[in-house]
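Written out below as structure tokens is the structure these notes cover.
Ligands are counted one by one from 1 in listed order, and the atoms in each one are counted from 1 as well. Since this is a predicted model, take the numbers as computed values, not measurements.
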Amino acid sequence: MIRRGFPGALAGIIAAGFGVAAAELLAAATRPEAGPLVAVGAAVIDATPTPVKELAVRELGTNDKPFLLSVVAVVLALLAALAGILGRRHRLAVVIGAAVLGVAGAGAALSRPAARAGDLLPSLLGALVAGGTLWWLLTRLTPRGSAGEAGPVVLDRRKFLQAAAVVAGAAAATAAGATAIKGVRGGAAARSRADIRLPTAADPAPALPSGFTLTPNGDFYRVDTALTVPRLDPDTWELRIHGMVGKELRLSFEDLLRRPLIERVITLNCVSNEVGGPYIGTSRWLGVPLKALLDEAGIDAGADQIVARSAEGMTIGTPVITALDGRDTMLVVGMNGEPLPLEHGFPVRMLTPGLYGYAGACKWVTELELTTFAKFDPYWVERGWSAEGPVKTASRIDMPRPFGRPAAGPVTVAGVAWAQRRGIKAVEVSVDGGPWKPAELLPTPSVDTWVQWRFPWQATAGPHSLSVRATDGTGATQPEARVTPFPNGATGWHTVAVTVG
Ligand SMILES: Nc1nc2c(c(=O)[nH]1)N[C@H]1C(S)=C(S)[C@@H](COP(=O)(O)O)O[C@H]1N2
Ligand SMILES: [Mo]
């Protein structure tokens with residue numbers, strides 16, 4: 001069985017590999033989003049139930065996407081092997097296998113929010129190449145005159161392996177071609193980003209208080225559903241502001257840069273962050289205040305939601321009021337003195353101080369539609385997350401590290417606390433569940449920025465637990481009760497266990 005099964009399985013896998021490579025090559029040359037691997041992966045992400053998505057983000061962090069692509073590849077290989085094994089006796093299995101491949105890829109590509117009809121072409125080509133190749137390879141495995149019988153394949157084995165090697169070589173060359181084209185295209189986007197000279201802010205951020213640290217761009221967390229980073233061309237990028245407005249606006253990247261820019265230090269964090277988690281960062285953002293644009297468009301009475309759409313089809317809903325109530329809601333073009341990094345939304349993203357990213361920080365934005373909460377549920381809300389996403393007051397211990405082994409004597413316990421819009425009034429630390437004692441707060445630029453805190457501790461030998469809690473500008477102290485990030489953000493105190501000695 002193994003001897004009989006192996007050549008068929010090998011033929012199936014090689015043929016499918018060639019088909020996928022051909023599809024990816026066509027997609028790379030025309031529309032990268034239409035490549036079957038990424039399209040199927042994206043469709044799987046969208047169809048994944050929220051708890052599983054949560055688990056993947058928690059367990060795998062930013063490795064969730066390579067993992068997903070590997071799963072897609074393994075499933076594909078298993079199906080292809082099956083088609084190859086069955087196809088030796090029943091050629092119909094080859095046709096069905098190729099059809100399944102084509103329909104899955106094309107269906108996934110067409111299900112993408114920003115899909116066009118032509119997006120089915122790469123998968124169609126891939127299915128034809130895979131099916132045709134498998135058929136041809138299987139004829140090499142069939143001794144003349146004894147089709148389908150358990151006859152002496154030994155004679156054909158060399159010819160078959162030669163043919164298989166040729167196809168594998170062609171598949172590898174095709175895949176290399178696809179990768180090369182993607183590299184050149186990506187390089188072009190990166191170059192145009194490097195060419196951009198951002199104007200200075202008309203309203204710059206004040207100098208940072210001494211001791212205050214920003215998150216370097218390369219260390220800033222990344223959370224999004226994009227399997228490949230969208231690479232938008234700033235020269236053709238356009239933002240459309242439409243819906244419940246008096247006058248529709250269309251703005252180019254140059255139009256945005258010509259407006260008076262503001263620069264602000266703002267903390268952004270993800271609603272999916274667990275207590276003590278890493279999905280938070282603070283940057284100096286440069287952008288156009290959204291209010292001025294909305295004033296120009298003229299918002300119709302009754303519009304209470306801004307739906308931001310991105311190039312790859314994300315929708316993020318933000319309350320209209322948060323663009324008008326005086327906070328620094330903006331269309332961001334710069335991050336820490338550079339054009340936005342590709343991963344963080346180049347060329348333009350939204351940023352709404354005080355809201356979690358899923359509710360106010362659409363990356364790669366191309367459209368703002370004024371509508372109502374009653375009329376439209378954006379992406380995350382469709383999946384059960386709360387329609388409005390105000391940030392909850394929270395705090396984190398960064399030093400010592402969990403399960404660290406500091407030496408006995410004076411130890412500095414340190415971390416961050418945040419409550420964007422409300423600010424942080426106090427941070428307290430409790431050792432081994434003892435009384436809460438105030439930590440020292442370092443100066444911070446604004447209520448929209450995290451506060452760095454520290455607490456001197458006389459550490460004695462043995463195991464200890466350290467807990468932190470913050471009180472925000474309204475006087476409300478973080479509750480002890482733990483709730484999960486779903487559906488509107490985690491609560492609970494961060495506790496770290498250490499062993500001194
Ligand atoms: N286009 C797009 N924008 C998006 C998302 C996304 O999946 N796609 N995720 C949002 C979420 S959940 C968060 S927390 C922030 C994260 O921004 P960052 O990756 O720059 O840190 O982006 C928001 N904007
Ligand atoms: Mo998020």
Side-chain angles (χ1 to χ4, degrees), residues 33 38 41-42 45-46 48 50 53-54 56-58 61-62 64-65 68 112-114 214-232 237 239 266-274 277-287 306-318 329-336 338-368 378-392 394 418 420 450 484-490:
E33 308 84 315
V38 162
I45 289 182
D46 290 357
T48 303
T50 296
K53 221 181 271 187
E54 283 278 274
V57 170
R58 192 163 61 237
T62 30
D64 57 341
K65 286 166 195 124
L68 172 66
R112 305 287 69 230
L214 296 168
T215 311
N217 287 358
D219 296 343
F220 205 95
Y221 81 96
R222 177 184 165 204
V223 170
D224 56 60
T225 62
L227 272 171
T228 52
V229 177
R231 296 175 181 280
L232 309 190
W237 179 88
L239 177 72
I266 294 167
T267 296
L268 173 65
N269 54 322
C270 181
V271 68
S272 298
N273 211 21
E274 301 280 348
Y279 301 137
I280 180 164
T282 300
S283 291
R284 191 193 274 122
W285 309 92
L286 178 74
I306 305 169
V307 173
R309 284 197 179 74
S310 68
E312 82 295 356
M314 173 53 64
T315 51
I316 285 186
T318 307
T329 301
M330 60 171 119
L331 290 166
V332 172
V333 295
M335 184 172 181
N336 289 334
E338 284 178 26
L340 263 181
L342 300 180
E343 296 79 8
H344 296 291
F346 179 80
V348 179
R349 79 175 302 166
M350 276 261 294
L351 186 67
T352 311
L355 301 187
Y356 290 118
Y358 85 99
C362 189
K363 305 193 274 189
W364 310 291
V365 64
T366 56
E367 228 185 274
L368 298 178
Y379 185 91
W380 298 107
V381 178
E382 253 190 326
R383 285 158 179 78
W385 296 84
S386 301
E388 302 198 15
V391 168
K392 295 181 183 176
W418 58 93
Q420 293 95 310
W450 66 21
T484 59
F486 184 81
N488 54 24

Can you name the nearest heavy-atom pair linking I266 to M330, along with the distance?
-> CD1-CE, 3.9 Å
Donor-acceptor side-chain pairing of E312 and S310 below 3.5 angstrom = yes
Can you pull out the closest protein heavy atom to atom 6 (C) of ligand 1? Residue, atom name and distance to 0.1 Å, please.
-> D224 CB, 3.4 Å
State whether the side chain of S283 and the backbone N or O of W285 hold a donor-acceptor pair below 3.5 Å, judged by distance alone.
-> no
Does the N269 side chain pair with the main chain of V391, one donor and one acceptor, at a distance under 3.5 Å?
-> no
Atoms of ligand 1 close to Y358 [distance to a heavy atom under 4.0 angstrom, numbered from 1] = 11 (C), 12 (S)
Closest heavy-atom pair and its distance - M350, V365 = N-CG1, 4.4 Å
Distance, nearest 0.5 Å, that separates NZ of K392 from CG of N273 = 12.5 Å
Tell me which protein heavy atom sits closest to atom 24 (N) of ligand 1, plus the residue, atom name and distance to 0.1 Å.
-> A361 O, 2.9 Å
Sub-4.0 Å heavy-atom approach of A226 to ligand 1 = no
Cationic tip of R222 within the cone over F220's six-membered ring, i.e. under 6.0 Å and within 45° of the normal?
-> no
Hey, which atoms in ligand 1 end up nearer than 4.0 Å to a heavy atom of F220?
-> 21 (O)
Closest to atom 2 (C) of ligand 1 among protein heavy atoms sits M314 CG, 3.5 Å
Look only at interatomic distance and state if T225 has a nitrogen or oxygen under 3.5 Å from any nitrogen or oxygen of ligand 1.
-> yes
When you look for heavy atoms under 4.0 Å from ligand 1, do you find them on the side chain of V271, its backbone, both, or neither?
-> neither
Nearest non-hydrogen protein atom, atom 19 (O) of ligand 1 = K363 NZ, 2.5 Å
Applying side-chain hydrogen bond (donor to acceptor under 3.5 Å, both in side chains), run through D46 and Y379 and close with a yes or a no.
-> CA-CA 9 Å; D46 290 357; Y379 185 91; 2.5 Å; yes
Any N/O pair H344/ligand 1 closer than 3.5 Å | yes
Nearest heavy-atom neighbours spanning V271 and P485 | O-CB, 3.2 Å
Can you check whether L351 reaches M335 side chain to side chain, under 4.5 Å on heavy atoms?
-> no
Numbered in order shown, the ligand 1 atoms found under 4.0 Å of a heavy atom of C362 are 3 (N), 24 (N)
Ligand 1-proximal atoms of Y356, by part, heavy-atom distance under 4.0 Å = neither
Taking atom 1 (N) of ligand 1 as the reference point, the nearest protein heavy atom with its distance = E312 OE2, 2.9 Å
Compute the shortest N/O to N/O distance between Y221 and ligand 1 and return yes if it is under 3.5 Å, no if not.
-> yes
Just which atoms of ligand 1 are under 4.0 Å from any heavy atom in C270?
-> 14 (S)
Of all the non-hydrogen atoms in the protein, which one sits nearest to atom 9 (N) of ligand 1, and at what distance?
-> V223 O, 3.2 Å
Output the distance between atom CG (L214) and atom CH2 (W450), rounded to the nearest 0.5 Å.
-> 8.5 Å
Proximity of S310 to ligand 1 by residue part, where a heavy atom lies under 4.0 Å | side chain
R349 near ligand 1 by a heavy-atom separation under 4.0 Å = yes
